[in-house]
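Only a predicted model underlies this, so the values are computations on that prediction, with no experimental measurement involved. So you know, we letter chains A, B, ... as the sequences are listed, proteins then strands, and number each from 1.
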Number of protein chains: 2
Amino acid sequence: MTDAVDPPKARRPNTRLEEVARAAGVSKSTVSRVINGEPYVSSRAREAVHQAIGKLGYSPNQAARTLAGSRANCIAMVVSEQGSRVLNDPFFAGVLRGVHAELAGKRVQLVLMMSKEGDEQDLVNYLCGGHVDGVLVISLHGQDPLPRTLADAGLPTVVCGRPLGAGGVPYVDSDNFNGAMEAARYLVARGHKRIGTIAGPRDMAVGMDRLSGWKRGLSQARVDTGLVAYGDFTPESGAAAMADLLQQAPDLDAVFVGADIMALGALQTLHAHGKRVPDDVAVVGFDDLMIASTAVPPLTTIRQDVEQLGRTMTWRLMAELAGEENLPPFLLLPTAMVTRSSA
Amino acid sequence: MTDAVDPPKARRPNTRLEEVARAAGVSKSTVSRVINGEPYVSSRAREAVHQAIGKLGYSPNQAARTLAGSRANCIAMVVSEQGSRVLNDPFFAGVLRGVHAELAGKRVQLVLMMSKEGDEQDLVNYLCGGHVDGVLVISLHGQDPLPRTLADAGLPTVVCGRPLGAGGVPYVDSDNFNGAMEAARYLVARGHKRIGTIAGPRDMAVGMDRLSGWKRGLSQARVDTGLVAYGDFTPESGAAAMADLLQQAPDLDAVFVGADIMALGALQTLHAHGKRVPDDVAVVGFDDLMIASTAVPPLTTIRQDVEQLGRTMTWRLMAELAGEENLPPFLLLPTAMVTRSSA
DNA sequence: CCAAAACCTGGGAGCGCTCCCAGAACGTTC
DNA sequence: GAACGTTCTGGGAGCGCTCCCAGGTTTTGG
């Protein structure tokens with residue numbers, strides 16, 4: 001479809017608020033009120049302004065708005081560089097999509113920043129310098145001081161995933177504990193007796209929460225929780241951890257892997273050892289990435305809604321910016337079990 | 001320093017240019033010159049200014065710079081919404097990482113926008129409204145008029161992937177043609193006789209270029225190029241296309257899949273039909289996503305460097321913004337064959 | 001019927017920076 | 001020493017908007 005977006009307007013002569021005012025036969029102030037949806041504007045004036053805006057293709061100059069007003073109309077999404085490597089990419093893209101979906105219609109821009117080694121001070125200066133109204137932090141290695149610093153500086157901040165070192169900073173996370181517990185219970189209910197787990201790094205809350213949930217699920221059923229190996233959210237580490245587990249307990253008959261991406265590696269190791277999945281060893285993952293359904297065999301896993309994670313973070317931040325009070329200090333999103341063939 | 005009670009959520013006591021000037025004992029103008037690296041500043045003054053900046057933790061107000069100056073110090077990355085669904089996420093994240101890497105150290109912000117259905121005019125108004133100095137477009141469905149519109153409006157624009165409907169707009173792409181040709185030649189060299197392909201959608205250059213390259217590779221070796229099925233860059237479509245191919249030619253002994261993500265689906269179908277890979281049917285993918293190495297069996301594929309794609313786009317845009325002339329109208333990045341077990 | 005309250009409107013002072021211009025301080029050359 | 005660069009410096013006029021204030025017009029209430 002060749003949907004014609006309007007004729008290109010010359011770039012230099014930018015229509016200004018004043019021209020809209022003249023065209024609509026009102027004052028600058030009134031135009032400003034209309035644009036900002038303020039009350040106390042007659043419907044006649046409002047109508048005239050809207051028409052003028054449409055005709056002139058007016059788009060307010062953000063820089064001027066920011067400078068004159070007290071808001072930047074802009075929020076930042078900060079991703080730690082380690083994060084961008086460690087974190088599996090689909091996660092990031094999903095969150096981003098959610099953030100954008102939630103921002104739709106709001107006149108708020110999203111600027112993206114990645115913290116770099118040694119750059120932290122610049123980043124903090126920038127963020128606290130009034131260029132943004134709030135920050136969404138996607139921080140992964142647990143003890144990142146950034147959220148704390150920003151929050152202490154009075155900048156509204158929401159973190160993605162429970163921060164280990166920033167108590168008191170609002171965060172949004174999937175309910176990793178209960179999700180993992182459900183996985184454990186499922187395996188127990190299916191009659192598995194010797195159940196191991198491949199957990200994420202000890203310095204990430206997501207890894208620890210899933211480990212805790214798994215332990216709780218097993219111990220409630222009086223199943224041994226000693227069979228633990230660790231990975232770092234890469235397929236390779238998953239493969240190595242699986243080998244480790246197999247050595248610890250050759251009679252292992254099920255494994256809960258704290259991330260699909262590691263489960264892929266685990267599947268390879270299992271295959272290499274001649275173990276059939278799920279007949280010899282059942283496998284349950286976590287995340288429900290696209291690849292979970294195309295794994296061989298398709299992976300039973302705990303789904304987390306990453307897009308919803310992004311949406312919720314944004315909602316929480318925008319609510320705070322709107323001055324809402326008594327907002328929840330954290331939000332946990334439910335997970336859901338997705339049963340395929342691997343367990 | 002008056003240590004009065006700092007009222008919460010009071011206006012940010014932002015250090016301004018003027019304060020730096022006072023602290024350094026020079027004028028605003030001189031501080032501005034130092035910040036912008038202009039000549040005609042004595043080293044004594046420059047030194048004093050740098051010290052003052054460091055001591056006060058000064059960070060220039062971008063809004064004011066934009067408003068006063070002619071540049072926005074900001075570039076936009078526009079992703080079409082369809083794109084965010086169609087395009088596999090790792091691709092997007094990789095490009096983004098490259099963009100950021102290339103921007104490091106430059107005082108340029110990156111704002112992210114997604115075009116939404118019906119939103120096009122707003123988007124164009126915003127982008128052409130002087131809020132950004134240039135645009136990186138990640139557009140997927142071929143005939144997107146956006147790049148053309150932006151370029152016609154005089155806004156420096158670089159597109160990711162050869163645009164079908166925007167001749168003349170600078171773009172950066174992987175060398176899909178030669179990559180696919182290499183895959184075809186490889187299969188021929190390995191003695192395969194009956195070679196099919198699963199191509200991407202006909203309205204995307206990436207799909208067509210890979211198809212063309214494959215055809216060229218086969219026809220040079222006088223192998224039949226009639227065995228073609230189409231998918232849409234999802235695993236499901238890959239699985240369906242593979243089934244189609246198998247029906248067309250039960251004696252097929254190799255297939256080039258125009259995207260790893262579709263290859264995953266193809267692998268499933270092959271498995272379901274009892275075909276061994278690579279013994280019965282060899283499979284070569286394209287992209288070399290992380291999942292290629294964890295597929296069963298690990299996928300032989302053509303690697304494209306998505307991060308480099310992002311870097312190159314950004315470099316091209318920044319060069320244009322810097323006023324460089326006679327820049328190449330397009331840039332093709334080389335691909336590389338990665339041999340694993342599937343072929 | 002008049003005062004108070006609720007609505008609507010326009011004027012104008014900045015927000016913090018860049019950039020132009022005028023001029024000072026220093027050579028250099030005839 | 002006059003006449004010119006060349007290097008450096010400060011002053012000040014905006015950039016396009018928001019927000020405060022003062023003043024008009026209507027509605028409400030006693």
Inset, instruction - Look at R71(B) and dC15(D) and indicate whether a side-chain polar atom (N or O) is within less than 4.0 Å of OP1 or OP2. - result: no

Inset, instruction - Check every strand shown and say whether P39(B) touches a base, only sugar-phosphate, or nothing at a heavy-atom separation below 4.0 Å. - result: nothing

Legend entry - A151(A) to T157(A) - nearest heavy-atom pair and separation: N-OG1, 4.0 Å

Inset, instruction - Give the nucleotide from the list dC20(C), dG16(C), dC17(D) with an atom nearest to the side chain of R33(B). - result: dC20(C)

Inset, instruction - Using a cut-off of strictly less than 4.0 Å, decide whether N36(B) has a side-chain nitrogen or oxygen near OP1 or OP2 of dT18(C). - result: yes

Inset, instruction - Counting heavy atoms from C-beta on, name the nucleotide in dT9(D), dT9(C), dC19(C) closest to the side chain of A45(B). - result: dT9(D)

Inset, instruction - Starting at atom NZ of K28(B), determine the distance to atom P of dG14(D), rounded to an integer number of angstrom. - result: 14 Å

Legend entry - Rounded distance (Å) that lies between atom P of dG16(C) and atom CG of N73(B): 18 Å

Inset, instruction - Report the nucleotide, chosen from dC17(C), dC7(C), dG10(C), that has the shortest atom-to-atom distance to any side-chain atom of V26(A). - result: dG10(C)

Legend entry - Separation of dC7(C) P from R44(A) CZ (nearest whole Å): 19 Å

Inset, instruction - Return yes if some donor-acceptor pair links the side-chain N/O of R16(A) with the main-chain N/O of N61(A) below 3.5 Å, else return no. - result: no

Legend entry - Rounded distance in Å - CG (N61(A)) to P (dC17(C)): 16 Å

Legend entry - OP1 or OP2 of dT9(C) under 4.0 Å from side-chain N/O of S42(A): yes

Legend entry - Nearest-Å distance for atom pair CG/C1', residues L17(A) and dG16(D): 8 Å

Legend entry - Nearest listed nucleotide, side chain of A64(B), among dA13(D), dT18(D), dG16(C): dG16(C)

Inset, instruction - For the helix from dC1(C)-dG30(D) to dC30(C)-dG1(D), measure the angle between the helix axis at one end and the axis at the other, each built from five pairs, rounding to 10°. - result: 40°

Legend entry - For atom CD of E18(B) and atom C1' of dG14(C), their distance in whole Å: 13 Å

Legend entry - Side-chain (D133(B)) to main-chain (A72(B)) donor-acceptor, under 3.5 angstrom: yes

Inset, instruction - Using modelled atom types only, decide if a donor and an acceptor are shared between the side chain of S29(B) and the backbone of S27(B) within a distance under 3.5 Å. - result: no

Inset, instruction - Could you please name the option among dC7(C), dC21(D), dG12(C) that lies closest to any side-chain atom of Y40(A)? - result: dC7(C)

Inset, instruction - Ignoring backbone atoms, establish whether Y58(B) has a side-chain N or O less than 4.0 Å from OP1 or OP2 of dC17(C). - result: yes

Legend entry - Set of ring pair (Phe, Tyr, Trp, His ring centres under 6.0 Å) partners for H100(B), sequence neighbours left out: none

Legend entry - Check: H131(A) side chain, P60(B) main-chain N or O, donor-acceptor pair, under 3.5 Å: yes

Inset, instruction - Determine yes or no for a side-chain-to-main-chain donor-acceptor pair under 3.5 angstrom, with T312(B) supplying the side chain and Q308(B) the backbone. - result: yes

Legend entry - Test item: N36(B) side-chain N/O and E38(B) main-chain N/O as donor-acceptor pair under 3.5 Å: no

Legend entry - S32(B) side-chain N/O to dT18(C) phosphate OP1/OP2 under 4.0 Å: yes

Legend entry - Side chain of S29(A) - closest among dG11(C), dC17(D), dG16(C): dG11(C)

Inset, instruction - Find the distance Q62(A):CD to dC15(D):C1' and express it as a whole number of Å. - result: 15 Å

Legend entry - 5' precedence on DNA chain D between S27(B) and L67(A) (nearest-nucleotide basis): S27(B)

Inset, instruction - Measure from CD on E38(A) to P on dG10(C) and round the result to the nearest Å. - result: 14 Å

